[in-house]
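Below: one structure, written as structure tokens.
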Amino acid sequence: MRDDTVEVQTLTSLDRIAAEDWDACACPEADNGGRPYDPFTTHRFLKALEDSGSVGPGTGWEPHYLTVRQGGQVIAVAPLYAKGHSQGEYIFDHNWAHAYERAGGRYYPKLQIAVPFTPATGRRLLVRPGHEAAGRAALVQGAVQIASDAGVSSVHITFCTAEDAKAGEAMGLMHRVTEQFHWVNRGYADFDGFLADLSSRKRKTIRKERRVANDFGGAIRMLTGDDLRPAHWDAFWTFYQDTGARKWGRPYLTRAFFDIAQERLRDDILLIMAERDGDWIAGAMNLIGRDTLYGRYWGCTEHHPCLHFEACYYRAIDYAIEHGLARVEAGAQGEHKLARGYLPAEVHSLHWIAEPGFAEAVGRYLKAERRAIAQDIEVLTAYGPFRKAQVEERE
């Protein structure tokens with residue numbers, strides 16, 4: 001007799017699930033050696049965060065990975081964490097936390113289905129093909145039940161796909177829409193083909209920025225796979241620490257993460273590194289997906305005009321065009337990206353809040369925020385760098 005019983009469990013370590021079982025849900029498209037759509041939800045990436053101590057005790061990101069089994073087979077998984085703060089999420093709920101606690105509640109801990117420190121859109125309800133409805137339902141219901149049983153304030157699913165958002169909303173979760181800036185490849189043959197879509201003034205500005213950036217007295221290297229060496233990570237760690245200290249107080253990733261990245265993740269990573277007089281002086285780290293390049297970190301030890309734009313935005317576009325990628329996601333925030341061809345795009349998240357009155361208030365806020373985001377995207381797109389005919393075509 002067939003056993004259709006669905007069993008939901010939490011795991012405190014990815015050591016307790018085989019990589020092939022996790023990845024059968026997280027990246028089934030990579031089963032035959034192909035590249036995953038989302039490199040961040042693979043077993044190897046999440047395990048690198050865990051093994052390096054970037055998540056775990058003392059970090060505010062306590063792993064409780066969700067797994068769903070049916071008939072002995074893993075049919076769904078999700079990267080679930082108990083959060084002791086709202087750092088490293090990029091879908092900001094600090095105001096919710098303050099309001100909740102002013103009203104006498106305890107907002108933390110909360111539960112978060114997310115990739116830590118990673119503002120990149122991807123599937124968060126990871127389901128083996130053929131089990132979509134049952135798998136998603138079990139993950140959502142399981143997370144909410146765990147939160148209810150533990151008496152925690154809320155569950156958040158951040159940077160999920162629009163498809164996940166639609167499914168979660170149908171199951172009663174609140175849908176939030178925010179925005180980022182993404183570059184979209186419209187079948188360009190080269191960078192000049194992209195520039196041809198822009199207004200004359202913007203084309204001139206970008207060409208000038210690229211000339212200035214590349215006149216820093218050195219060379220820019222594009223490094224991935226076996227081209228990466230430990231010395232590159234030594235330099236990049238210095239860049240990462242400097243940027244982290246200035247922007248968010250302390251770096252989220254440990255030094256050990258970059259050693260593990262060299263060992264296990266180098267085929268998933270593109271480093272764009274600037275070298276001058278034999279020294280690495282700046283670098284940008286990207287993760288390579290099946291159809292998207294994800295910009296993650298930037299840092300430098302010397303400031304040179306426009307080098308940040310070149311390494312983080314223009315070289316990323318070069319790589320995407322050369323390798324036939326559909327888009328570049330260059331990370332969180334940054335309206336300065338608009339002038340460089342990165343247009344506003346919707347970002348989705350899902351939320352469940354235990355306290356009914358507070359949930360109602362948040363729901364009203366999300367409706368108003370969603371209208372404001374839609375208007376902002378419309379206005380920013382119209383004021384973007386593309387020629388008027390291109391903007392009308394996009395609309």
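What you see below is based on every heavy atom in this structure, not just the backbone, and it leaves out hydrogens, waters and symmetry mates.
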Practice item. Give the C-alpha distance, both sets of side-chain angles, the deciding distance and a yes or no for side-chain contact (heavy atoms from CB on, under 4.5 Å) between Ile206 and Tyr314. Key: CA-CA 9 Å; Ile206 289 175; Tyr314 302 142; 3.4 Å; yes
Using 0.5 Å steps for rounding, measure from the [atom1] atom of [X] to the [atom2] atom of [Y].
X: Tyr81; Y: Glu89; atom1: OH; atom2: CD; answer: 12.0 Å
X: Thr42; Y: Asp23; atom1: OG1; atom2: CG; answer: 6.0 Å
X: Phe258; Y: Asp234; atom1: CZ; atom2: CG; answer: 11.5 Å
X: Thr292; Y: Asp38; atom1: OG1; atom2: CG; answer: 9.0 Å
X: Ile288; Y: Ile269; atom1: CD1; atom2: CD1; answer: 8.5 Å
X: Arg315; Y: Phe191; atom1: CZ; atom2: CZ; answer: 10.0 Å

Is the backbone of [Y] close enough, under 3.5 Å, to the side chain of [X] for a donor and an acceptor to pair up by distance?
X: Arg123; Y: Thr41; value: no
X: Asn214; Y: Arg210; value: yes
X: Arg128; Y: Pro28; value: no
X: Asp190; Y: Gly193; value: yes
X: Ser13; Y: Arg16; value: no
X: Arg327; Y: Val184; value: no
X: His43; Y: Leu14; value: yes
X: Thr381; Y: Glu378; value: no
X: Gln70; Y: Val6; value: no
X: Glu169; Y: Ala167; value: no

Does the side chain of [Y] come within less than 4.5 Å of [X]'s, by heavy atoms?
X: Glu369; Y: Thr178; answer: yes
X: Asp93; Y: Tyr107; answer: yes
X: Lys202; Y: Lys204; answer: no
X: Tyr90; Y: Thr158; answer: no
X: Trp233; Y: Leu228; answer: yes
X: Ile260; Y: Leu265; answer: no
X: Val347; Y: Glu179; answer: no
X: Leu293; Y: Leu270; answer: yes

Taking ring-ring contact (aromatic ring centres under 6.0 Å, His included) as the test, write out the residues that go with [X], two or more places apart.
X: His336; answer: Tyr313
X: His351; answer: Trp96, His156
X: Phe358; answer: Tyr100

Heavy-atom closest pair, residues [X] and [Y]:
X: Ala320; Y: Val328; value: CB-CG2, 3.7 Å
X: Phe194; Y: Gly341; value: CZ-CA, 3.9 Å
X: Glu209; Y: Arg340; value: OE2-NH2, 2.6 Å
X: Phe117; Y: Tyr297; value: O-OH, 3.6 Å
X: Ile373; Y: Val177; value: CG1-O, 3.5 Å
X: Pro344; Y: Leu380; value: CG-CB, 3.8 Å

Determine whether [X] and [Y] fall in the same hydrophobic cluster, where Ile, Leu, Val, Met, Phe, Trp and Tyr are linked whenever their side-chain heavy atoms lie under 4.5 Å apart.
X: Met171; Y: Met174; result: no
X: Leu80; Y: Val8; result: yes
X: Trp237; Y: Met285; result: yes
X: Tyr383; Y: Leu343; result: no
X: Ile113; Y: Val362; result: no

Kindly check if the number of other-residue, nucleotide or ligand heavy atoms within 6.0 Å of [atom1] ([X]) is above 12?
X: Gln73; atom1: CD; result: yes
X: Arg106; atom1: CZ; result: no
X: Phe92; atom1: CZ; result: yes

Say whether [X] and [Y], considering side chains only, have a donor N or O and an acceptor N or O under 3.5 Å apart.
X: Tyr319; Y: Asn286; result: no
X: Tyr252; Y: Thr59; result: no
X: His182; Y: Gln180; result: yes

Practice item. Just say parallel, tilted or perpendicular for the rings of Tyr188 and Trp183, cut-offs at 30° and 60°. Key: tilted
Does this structure show an ion pair linking [X] with [Y], if we count only N-O contacts that are shorter than 4.0 Å?
X: Lys47; Y: Asp15; result: yes
X: Arg255; Y: Asp259; result: yes
X: Arg136; Y: Glu132; result: no
X: Arg290; Y: Glu29; result: no
X: Asp192; Y: Arg203; result: no

Exercise for review: Show your reasoning for whether side-chain contact (heavy atoms from CB on, under 4.5 Å) applies to Ile146 and Leu66.
Suggested key: CA-CA 10 Å; Ile146 291 166; Leu66 273 180; 3.6 Å; yes
Practice item. Could you walk me through whether Asp149 and Gln145 pass the side-chain contact (heavy atoms from CB on, under 4.5 Å) test, one step at a time? Key: CA-CA 6 Å; Asp149 292 346; Gln145 188 63 54; 2.8 Å; yes
Exercise for review: Kindly say whether the aromatic ring centers of His232 and Phe236 come within a distance under 6.0 Å.
Suggested key: no
Exercise for review: Carefully, step by step, assess Arg221 and Asp227 under the rule salt bridge (charged side-chain N to carboxylate O under 4.0 Å, His left out).
Suggested key: CA-CA 10 Å; Arg221 317 287 185 193; Asp227 291 334; over 6 Å; no
Review point. Does the pair Asp242 and Thr301 meet the rule for a side-chain contact (heavy atoms from CB on, under 4.5 Å), with working shown?
Key: CA-CA 8 Å; Asp242 177 67; Thr301 55; over 6 Å; no
